[in-house]
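Inspection log for the structure reproduced underneath, given as structure tokens.
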Amino acid sequence: MISDESTVIVTGATGGIGLQTARELVGRVRHVIVQGPEPENMVRPVLHVLTEGAAKVDYVPCDFERLDDVAAAARSMAGIAGGPVDALINNAGIPGPTTRQVTPDKHERTLQVNFLAMVLLTEELLPKLADDARVVNLASATHEMTDLDLADIELERSYDAVRAYARSKLAIILYTRWLAGRTGVTPVSLSPGVISTPLLHAMFNIGGVSVRRGADNVLAALTGPARPGDYFDEGVLAEPSAQARDARLGRALMDYALDAVRPHLS
């Protein structure tokens, strides 16, 4: 459970739900470490907003399209924290591009930025997390729209932007459940709701509620009662899709994911 002495890491915190979550946290904890893909000089106005609270704020720029950079960022975060990290909020994510794109690491871009980078960052930080730390992984209700075909995990045969996004979010829930019980931390995943952000509008022609509502749902998953592996839908404990609960699929997915990130781990 976080307190006014806690250290919290928030990824994807230069806009949208991540920024609003960080803004809420700077008034509640001692130290907030935020990540974004932009160089620090480009986000100084954002970082200034985060000085509204009493917390110390540090910024770690990192491009999740490069896994070596993700591993380096995790090590930097651990050093900046100086001690145990009490919570890790994995919020960073992108919409599926209209056409299939590949990162310098040779992975489908949405899968890497939304899922593989999150796995690498979390696995690298695990030794630095407090024994009772909470790991909050942002998924999406869109995971119910798709299935995970491990034979085409990189979507080389059947790419679709929404499918790429939804499958990355399904993978996040499977990882969260796989991680549960493997350490003393409490990993949970959540759908923050239909929130009006550039990410939402890049894929869906719909409105959405304010980022404050999304941040409230993240904080509910961070601070409320939870068991390792729980999934929350808009702040309420819920049951994810049948595939998301498939432990065998989760193990097979993580065989793939750990093979992908292992060369970058310390």
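Side-chain contact between F232 and N217 is absent, with no heavy-atom pair separated by less than 4.5 Å. Between S158 and R163 there is a side-chain heavy-atom pair separated by less than 4.5 Å. Looking only at side-chain heavy atoms (C-beta outward), L219 and E24 come within less than 4.5 Å of each other. Using a 4.5 Å heavy-atom cutoff, the side chains of L249 and L150 are in contact. Contact check for L155 versus L111: no side-chain heavy atoms found under the 4.5 Å cut-off. Counting heavy atoms from C-beta outward, T183 and D131 have side chains that stay 4.5 Å or more apart. Residues R28 and V26 have side chains not in contact (no heavy-atom distance under 4.5 Å, counting atoms from C-beta outward). Here the side chains of Y59 and T14 are in contact, with some heavy-atom distance below 4.5 Å.
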>> Does S241 form a side chain to side chain donor-acceptor pair (under 3.5 Å) with E144? I'd like the steps, not just the answer.
In response: CA-CA 6 Å; S241 70; E144 300 179 8; over 6 Å; no
>> Working note: E234 + R213, criterion salt bridge (charged side-chain N to carboxylate O under 4.0 Å, His left out); need CA distance, chi angles, decisive distance, verdict.
In response: CA-CA 9 Å; E234 296 196 56; R213 174 70 176 274; 3.3 Å; yes
>> Working note: S189 + N137, criterion side chain to side chain donor-acceptor pair (under 3.5 Å); need CA distance, chi angles, decisive distance, verdict.
In response: CA-CA 5 Å; S189 59; N137 298 327; over 6 Å; no
> So R30 and S6, side chain to side chain donor-acceptor pair (under 3.5 Å) or not? Walk me through it.
Replying inline: CA-CA 5 Å; R30 179 183 64 85; S6 294; over 6 Å; no
>> Apply salt bridge (charged side-chain N to carboxylate O under 4.0 Å, His left out) to residues R227 and D230 and explain how you reach the verdict.
In response: CA-CA 6 Å; R227 298 165 301 177; D230 275 350; 3.4 Å; yes
>> Go through it in stages, so that I can follow the logic: the residues are T186 and V135, the test is side chain to side chain contact (heavy atoms under 4.5 Å, CB included), and I'd like the CA-CA distance, side-chain angles, deciding distance and then a yes or no.
In response: CA-CA 6 Å; T186 300; V135 177; over 6 Å; no
> Do T21 and I89 pass the side chain to side chain contact (heavy atoms under 4.5 Å, CB included) test, and can you show the C-alpha distance, the side-chain angles, and the key distance before you say yes or no?
Replying inline: CA-CA 9 Å; T21 299; I89 300 174; 3.9 Å; yes
>> Using side chain to side chain donor-acceptor pair (under 3.5 Å), reason through E123 and Y175 one step at a time and then give a plain yes or no.
In response: CA-CA 11 Å; E123 294 294 313; Y175 171 58; 2.7 Å; yes
>> Could you go through I33 and V8, starting from their C-alpha distance and side-chain angles, then the distance that decides it, and tell me whether this counts as side chain to side chain contact (heavy atoms under 4.5 Å, CB included)?
In response: CA-CA 6 Å; I33 302 170; V8 180; over 6 Å; no
>> Please determine whether side chain to side chain contact (heavy atoms under 4.5 Å, CB included) holds for the pair D4 and V29, giving the CA-CA distance in whole Å, both sets of side-chain angles, and the decisive distance to 0.1 Å.
In response: CA-CA 4 Å; D4 57 5; V29 303; over 6 Å; no
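Grouping the Ile, Leu, Val, Met, Phe, Trp and Tyr side chains by contacts below 4.5 angstrom, directly or via other members, places V102 apart from Y256. In terms of hydrophobic clustering, with Ile, Leu, Val, Met, Phe, Trp and Tyr side chains grouped at heavy-atom distances under 4.5 Å, L47 and V49 are assigned to different clusters. The cluster map of Ile, Leu, Val, Met, Phe, Trp and Tyr, joined by side-chain heavy atoms under 4.5 Å apart, puts V70 and L258 in the same cluster.
T122 places no side-chain N or O within 3.5 Å of a backbone atom of V119 that could act as its donor or acceptor partner. A donor-acceptor contact shorter than 3.5 Å is absent between the side chain of S191 and the backbone of S140. Side-chain atoms of E65 never come within 3.5 Å of backbone atoms of V113 as a donor-acceptor pair (strictly under, hydrogens ignored). No side-chain donor-acceptor contact under 3.5 Å links R23 to the backbone of G18. When atom types are taken as modelled, the side chain of D132 and the backbone of G184 share no donor-acceptor pair closer than 3.5 angstrom. Side chain of D233 to main chain of V236: no donor-acceptor pair is present (N/O by atom type, distance under 3.5 Å, no hydrogens or angles). A donor-acceptor pair under 3.5 Å links the side-chain atoms of D152 to the main chain of E156, judged by distance alone. The closest donor-acceptor contact from the side chain of Q112 to the backbone of F64 lies under 3.5 Å. Not one N or O on the side chain of Q20 forms a donor-acceptor pair closer than 3.5 Å with the backbone of R212. No side-chain donor-acceptor contact under 3.5 Å links R134 to the backbone of P187.
The heavy-atom pair separating E124 from A71 by the smallest distance is CG-O, 4.2 Å. For the residue pair H31 and I80, the shortest heavy atom distance occurs at CE1-O, 3.5 Å. Heavy-atom minimum distance, A244 versus I173: CB-CG2, 3.8 Å. For the residue pair P45 and M42, the shortest heavy atom distance occurs at CD-O, 4.4 Å. Of all non-hydrogen atoms in G229 and A180, the two that sit nearest each other are N-CB, 3.6 Å. Nearest heavy-atom pair across G181 and P228 is N-CB, 4.2 Å.
A donor-acceptor contact closer than 3.5 angstrom is absent between the side chains of Y159 and E154. Side-chain polar atoms of R75 and S266 form a donor-acceptor pair below 3.5 angstrom.
With rounding to the nearest 0.5 angstrom, the CG atom of L120 is 9.5 Å from the CG atom of D105. Summarising the geometry, atom OG1 belonging to T11 is positioned 5.5 Å from atom CG belonging to N91; distances are rounded to the nearest 0.5 Å. Interatomic distance, L138 CG to I17 CD1, rounded to the nearest 0.5 Å: 6.0 Å. Taking CG from L148 and NZ from K169, the interatomic distance works out to 14.5 Å, rounded to the nearest 0.5 Å. The distance from atom CG of D149 to atom CZ of R157, rounded to the nearest 0.5 Å, is 6.0 Å. Here CD1 of I2 is found 11.0 Å from OG1 of T7. Values are rounded to the nearest 0.5 Å.
For the ring pair (Phe, Tyr, Trp, His ring centres under 6.0 Å) condition, the pairs that include at least one residue of residues 103-147, sequence neighbours left out, are H143-Y231.
A salt bridge links E239 with R245; the closest basic N to acidic carboxylate O contact falls under 4.0 Å.
Annotation: R66, atom CZ; neighbour count of heavy atoms from other residues, nucleotides and ligands within 6.0 Å does not exceed 12. Other residues, nucleotides and ligands place more than 12 heavy atoms under 6.0 Å from the CG atom of D259.
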